[in-house]
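Heads up: the structure comes next, in structure tokens.
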Amino acid sequence: MKGIILAGGSATRLYPLSKAISKQIMPVYDKPMIYYPLSTLMLAGIREVLVISTPRDLPMFRELLGDGSRIGMQIEYKIQEVPNGLAQAFVLGREFLNGEPGCLILGDNMFYGQGFSKMLREAVADVEGGHAGACIFGYEVSDPRAYGVVEFDSEGHVLSLEEKPSQPKSRYAVPGLYFYNKSVCEKAAILEPSARGEYEITDLNKMYLTEGTLKVKLFGRGFAWLDTGNCDSLLEAGNFIATIQNRQGFYVSCIEEIAWRNGWISTETLAALGKEMKTAYGRYLEGLAEHAK
């Protein structure tokens, strides 16, 4: 399975911060925001990733991540001239996926919780093994009107999906993390624009629901799905990461560590990457390598 990070848009709710720089380049405590969705794909075992962004912002992502070889990955890039909806990622990414299953994650979505890696690997296995055509997630929120919303029956079966409903049928929002089988690009190509003029990811998910192959996994109460859409939520996300790291002593979404633990880079490479950085982040990597000897 391959992965796509959609990191476009203008992030007007963060103006003037985002007027000259992509939101997904902004720091969430000690890392660029895009490290968090990238780490999610890595935890799922995905090594080939396409980053989609604007003509203005794509060079910054190239400079930050390169071709991915430093962490044992392959990272490619694609321009999105105009943001026309999330499902457009599979039109732009069709050549990259080349008939393989794909995972889409939004560049500003952050996840943290026990058992997350296991849930991701299960989603990949379900889709690649043919047990599901698509696997998405549900997360209970106090006000789901700003999200895609999933409705269940009393036995937990999915009844409906709605995009930003004024009267939600449940409190379960659908986070920006989606796993699809190899038919996803064909489905995305025949979508019609919504009333908002966008190619909605909810409409894509409805196709899988209609054919009976949609699976929804629920995140529990102890799980964190962090939003970074405005200045307050961006600050709260940074404080959350700082609290976890400073209290527990390990780094959240450290892409070099994940690559090393996945066996994609050696201990020697990990140590070398840490030595390049004259920061606490670099010393953390060097410490991991030293303890592994």
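For the single chain, residues carry numbers from 1 onward in sequence order.
Exactly one residue among Asp108, Thr228, Ile241, Ile105 makes a side-chain contact (heavy atoms from CB on, under 4.5 Å) with Tyr36. That residue is Ile241. Val158 pairs with exactly one of Phe152, Tyr208, Tyr172 by the side-chain contact (heavy atoms from CB on, under 4.5 Å) rule, that one being Phe152.
Taken to the nearest 0.5 Å, the CG atom of Leu41 stands 14.0 Å off from the CZ atom of Arg47. Rounding to the nearest 0.5 Å places OH of Tyr251 at 8.5 Å from CG of Leu285. Once rounded to the nearest 0.5 Å, the distance linking CE of Met119 with SG of Cys135 reads 7.5 Å. The structure places CZ of Phe250 at 6.5 Å from CD1 of Ile244, a figure rounded to the nearest 0.5 Å. The distance from atom CG of Asp153 to atom CG of Leu159, rounded to the nearest 0.5 Å, is 4.5 Å. We find the CE-CG distance between Met73 and Asp67 to be 11.0 Å, quoted to the nearest 0.5 Å.
Looking only at atom types and distance, the side chain of Asp30 has a donor-acceptor partner in the side chain of Gln245 under 3.5 Å away. There is no side-chain donor-acceptor pair under 3.5 Å between Thr202 and Glu200. Under 3.5 Å, the side chains of Tyr180 and Asn205 contain a donor-acceptor pair of N or O atoms.
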(request) Evaluate the criterion side chain to side chain contact (heavy atoms under 4.5 Å, CB included) for residue pair Cys103 and Val124; output intermediate values, then yes/no. (result) CA-CA 8 Å; Cys103 173; Val124 171; over 6 Å; no
(request) Carefully, step by step, assess Tyr35 and Val28 under the rule side chain to side chain contact (heavy atoms under 4.5 Å, CB included). (result) CA-CA 9 Å; Tyr35 272 38; Val28 178; over 6 Å; no
(request) Let me see the working for Thr40 and Asn109 under side chain to side chain contact (heavy atoms under 4.5 Å, CB included), right down to the final yes or no. (result) CA-CA 10 Å; Thr40 295; Asn109 271 226; over 6 Å; no
(message) side chain to side chain contact (heavy atoms under 4.5 Å, CB included) for Leu234 and Lys23? Distances and angles first, verdict last.
(response) CA-CA 10 Å; Leu234 183 62; Lys23 174 171 72 170; 5.8 Å; no
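With a 4.5 Å cut-off on side-chain heavy atoms, Ile5 and Gln24 do not count as touching. Side-chain contact between Val184 and Leu104: absent, with no pair of heavy atoms (C-beta onward) separated by less than 4.5 Å. Residues Leu161 and Leu209 are in side-chain contact: their nearest non-hydrogen atoms beyond the backbone lie under 4.5 Å apart. Contact check for Val252 versus Phe240: no side-chain heavy atoms found under the 4.5 Å cut-off. Using a 4.5 Å heavy-atom threshold, the side chains of Met277 and Arg283 count as separate. Residues Ile25 and Asp57 form no side-chain contact, since every pair of their non-hydrogen atoms from C-beta on lies 4.5 Å or further apart. Considering only heavy atoms from C-beta on, Leu92 stays 4.5 Å or farther from Leu6 through its side chain. For the pair Gln167/Pro165, no side-chain contact is recorded, criterion being any heavy-atom separation below 4.5 Å from C-beta on.
Note on ring orientation: taking the six-membered ring where Trp is involved, the planes of Phe137 and Phe219 are parallel (angle under 30°, cut-offs 30° and 60°).
Residues Ile4 and Met60 do not share a hydrophobic cluster, defined by chaining ILVMFWY side chains whose heavy atoms lie under 4.5 Å apart. Leu214 and Ile190 end up in the same hydrophobic cluster when Ile, Leu, Val, Met, Phe, Trp and Tyr side chains are linked at under 4.5 Å. Hydrophobic clustering (side-chain heavy atoms under 4.5 Å, transitive across Ile, Leu, Val, Met, Phe, Trp, Tyr) keeps Phe96 apart from Phe179. There is no path of hydrophobic side-chain contacts, each under 4.5 Å, that joins Leu86 to Leu177. Note on Leu218: it clusters hydrophobically with Tyr178, by side-chain heavy-atom contacts below 4.5 Å among ILVMFWY residues.
In this structure, the side chain of Lys2 does not engage the main chain of Asn98 through any donor-acceptor pair within 3.5 Å. For Arg145 (side chain) and Lys164 (main-chain N/O), no donor-acceptor pair under 3.5 Å exists by modelled atom type. No donor-acceptor pair closer than 3.5 Å links the side chain of Ser117 to the backbone N or O of Leu43. In this structure, the side chain of Asn262 engages the main chain of Met42 through a donor-acceptor pair within 3.5 Å. With Tyr112 contributing its side chain and Leu226 its backbone, the two residues share no donor-acceptor pair below 3.5 Å. The backbone N or O of Gly66 lies less than 3.5 Å from a partner atom in the side chain of Tyr77, making a donor-acceptor pair. Using modelled atom types, one side-chain atom of Glu128 and one backbone atom of Met1 make a donor-acceptor pair closer than 3.5 Å.
The heavy-atom pair separating Ala188 from Val91 by the smallest distance is O-CG2, 4.1 Å. Of all heavy-atom pairs between Val127 and Pro101, the closest is CG1-CB, 4.2 Å. For the residue pair Glu151 and Ser160, the shortest heavy atom distance occurs at OE1-OG, 2.6 Å. Contact record, Pro55 with Glu81: CG-OE1, 3.5 Å, taken as the closest heavy-atom pair. When all heavy atoms are compared, the tightest approach of Thr12 to Ser18 is N-OG, 4.4 Å. Contact record, Ser22 with Phe61: OG-CZ, 3.4 Å, taken as the closest heavy-atom pair.
Heavy-atom neighbours of Glu63 CD from other residues, nucleotides or ligands within 6.0 Å: at or below the threshold of 12. In the displayed structure, Lys217 atom NZ is contacted under 6.0 Å by more than 12 heavy atoms of other residues, nucleotides or ligands.
Look at Arg70 and Glu276 and you find a salt bridge, because one of the NZ, NE, NH1 or NH2 atoms lies within 4.0 Å of a carboxylate O, short of that distance. A salt bridge between Lys187 and Glu211 is present, with a side-chain N of the basic residue lying under 4.0 Å from a carboxylate O of the acidic one.
Taking the six-membered ring where the residue is Trp, the centroids of Tyr147 and Tyr139 are separated by 6.0 Å or more.
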